[in-house]
Amino acid sequence: MSTLHFKIDINTTPERVWFVLWDDYHYRTWTKPFMPGSHYKTDWHEGGRIHFLGPDGSGMYSDININKPFEKMYFTHRGEVRNFQELPADPKASWAGAQENYSLSEKDGITTLSVELKSDGNENEQFTNAFDEGLKLIKEMAENLYITIEATVEAPVQLVWQLWNNAADVQQWNSASPDWHTPKAENNLEVGGRFSYTMAAKDGSFSFDFGGEYTDIVPEKQLAYTLGDGRKVKISFSESDGQTQITESFEPENQNSLDMQCMGWQAILDNFKQYVLSKQ
């Protein structure tokens, strides 16, 4: 086997680089130089299996040898996948036994991402070019990180827009779990206008105000606003065949883990989706 080494310095934390590497949305972005539509299927369990797939369901299946968050992710590729199904192990199959290892180290606020690829060397030039481009994308996204979440709502964009922005409706859907609610909501939907949503535990143990100022509004298409702490949020709405795709991108804060923030915002978006369905 031959071994390829790749390395890049990124001006951010290992957590943010790790998130960009393995979050579904960002993974699909930085792997486009390898193949547009690349994605994975796995539960990320160390010692478990991962499928690296193209848009047609073909690809390879691999073992997750090491999954040490923010430090190391090592894979050994075992065999081929076709139509989303593993083919029987074949030592002569493309990539059988190849190893792909990702390591992170941090010094003085700079995270170094190192990638080691051990393979038969037949596609070294192709993968060198793809990794060079992919690492540049990882660096750009990690240094200017936005977390992106999505949902497809089975409703026309006119209804989605109305329920998203009407304060009385916001009070009904703006929670990440059943033990939270929004007892108060105000929304001045115009550029320069402000919104404020009081989010509270139903047992009265904790509450906080979530709010900001609108910087861009295109009715039934997009919103942008700046939160009180200066973080920026962008939301797009796109209708096709009676369904509305909602995509939210937000700058993360530094108090909670990126995974927790992603799950929290996604839970609220999923709750909104269910609320829209209940109003039809």
Side-chain angles (χ1 to χ4, degrees), residues 3-48 50-53 59 62-77 98-119 127-150 227 229-234 247-266:
T3 302
L4 297 177
H5 296 275
F6 306 95
K7 184 180 293 187
I8 193 167
D9 291 333
I10 305 174
N11 187 25
T12 191
T13 65
E15 183 190 12
R16 294 196 172 203
V17 177
W18 186 269
F19 187 83
V20 168
L21 277 168
W22 310 122
D23 166 68
D24 178 68
Y25 175 86
H26 292 89
Y27 179 87
R28 290 172 184 263
T29 300
W30 74 261
T31 55
K32 285 180 180 178
F34 297 86
M35 177 186 293
S38 294
H39 60 290
Y40 57 73
K41 297 291 184 182
T42 185
D43 61 5
W44 291 117
H45 176 69
E46 187 174 271
I50 182 170
H51 288 186
F52 294 102
L53 302 169
S62 311
D63 295 333
I64 302 176
N65 303 119
I66 298 176
N67 180 356
K68 191 173 183 181
F70 320 133
E71 292 186 26
K72 297 178 181 180
M73 183 78 81
Y74 289 5
F75 306 105
T76 298
H77 304 308
Q99 298 176 5
E100 191 171 343
N101 303 329
Y102 296 78
S103 302
L104 301 178
S105 61
E106 187 272 335
K107 183 177 180 181
D108 298 330
I110 303 296
T111 298
T112 299
L113 167 60
S114 302
V115 183
E116 182 181 71
L117 181 64
K118 298 180 180 179
S119 69
F127 278 91
T128 294
N129 294 335
F131 267 110
D132 286 344
E133 293 301 312
L135 294 186
K136 291 176 184 177
L137 290 171
I138 292 169
K139 176 181 174 68
E140 179 181 356
M141 290 187 293
E143 291 182 346
N144 304 279
L145 182 60
Y146 277 79
I147 296 176
T148 298
I149 58 172
E150 299 175 309
L227 294 170
D229 59 8
R231 294 184 294 129
K232 300 183 185 304
V233 180
K234 299 176 289 186
T247 303
E248 282 191 85
S249 297
F250 63 94
E251 292 182 301
E253 37 90 351
N254 296 319
Q255 299 299 314
N256 299 290
S257 72
L258 300 177
D259 284 338
M260 181 179 294
Q261 293 178 64
C262 184
M263 288 187 294
W265 283 63
Q266 185 69 58

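Every heavy atom of this structure was used, including side-chain atoms; hydrogens, water molecules and symmetry mates were not.
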Go through the steps to decide whether Asp24 and Arg28 satisfy the test salt bridge (charged side-chain N to carboxylate O under 4.0 Å, His left out), and finish with yes or no. CA-CA 6 Å; Asp24 178 68; Arg28 290 172 184 263; 3.1 Å; yes
Which residue in the set Phe75, Tyr40, Phe70 passes ring pair (Phe, Tyr, Trp, His ring centres under 6.0 Å) when paired with Trp22? Phe75
Distance in Å, Met141 CE paired with Trp30 CH2, rounded so as to fall on 0.5 Å steps: 8.5 Å
Answer whether the closest heavy-atom distance between the side chains of Lys107 and Thr112 falls below 4.5 Å. no
Using the side-chain hydrogen bond (donor to acceptor under 3.5 Å, both in side chains) definition, which of the options Gln99, His51, His77 pairs with Ser62? His77
Thr3 and Lys118 have their tightest heavy-atom pair at OG1-CG, 3.5 Å
Any heavy-atom pair between the side chains of Leu258 and Leu145 that's under 4.5 Å? yes
Taking the side chain as every heavy atom from C-beta outward, state whether Phe6 and Thr128 have any pair of such atoms under 4.5 Å apart. yes
Any donor-acceptor pair under 3.5 Å from Asp9 side chain to Ile110 backbone: no
Do side-chain atoms of Glu251 reach the backbone of Lys232 as a donor and acceptor pair under 3.5 angstrom? yes
Taking all heavy atoms of Phe250 and all of Arg231, pick out the closest pair and write down the distance. CD1-NH1, 4.3 Å
Using every non-hydrogen atom in the two residues, find where His26 and Tyr146 come nearest and quote the distance to one decimal. NE2-O, 2.9 Å
Report the distance from atom CG of Asp43 to atom CD1 of Ile64, rounding to the nearest 0.5 Å. 6.5 Å
Whether over 12 other heavy atoms sit under 6.0 Å from Phe34 CZ: yes
What distance separates Glu100 CD from Phe131 CZ, expressed to the nearest 0.5 Å? 4.5 Å
Enter the distance from Ile138:CD1 to Thr12:OG1 here, rounded to the nearest 0.5 Å. 13.0 Å
Check Pro252 against Gln261 and note the closest heavy-atom contact, atom names and distance. CA-OE1, 3.3 Å
One should read off an interatomic distance between Ser257 OG and Phe19 CZ, to the nearest 0.5 angstrom, of 9.0 Å
Side-chain contact test, heavy atoms from C-beta onward, threshold under 4.5 Å: evaluate it for Pro33 versus Asn129 and give yes or no. no
To the closest 0.5 Å, what do you measure between CH2 (Trp18) and CG (Leu113)? 10.5 Å
So do Glu143 and Ile10 actually touch side chain to side chain, heavy atoms under 4.5 Å? yes
Atom of Trp44, atom of Asn67 and distance for their closest heavy-atom approach: O-ND2, 2.9 Å
Between Asn11 and Gly109 the two heavy atoms that sit nearest each other are OD1-O, 3.7 Å
Is it the case that over 12 heavy atoms from other parts of the model lie below 6.0 angstrom from the CD atom of Glu253? yes
Within a strict 4.5 Å, meaning less than it, do heavy atoms of the Leu117 and Phe127 side chains meet? yes
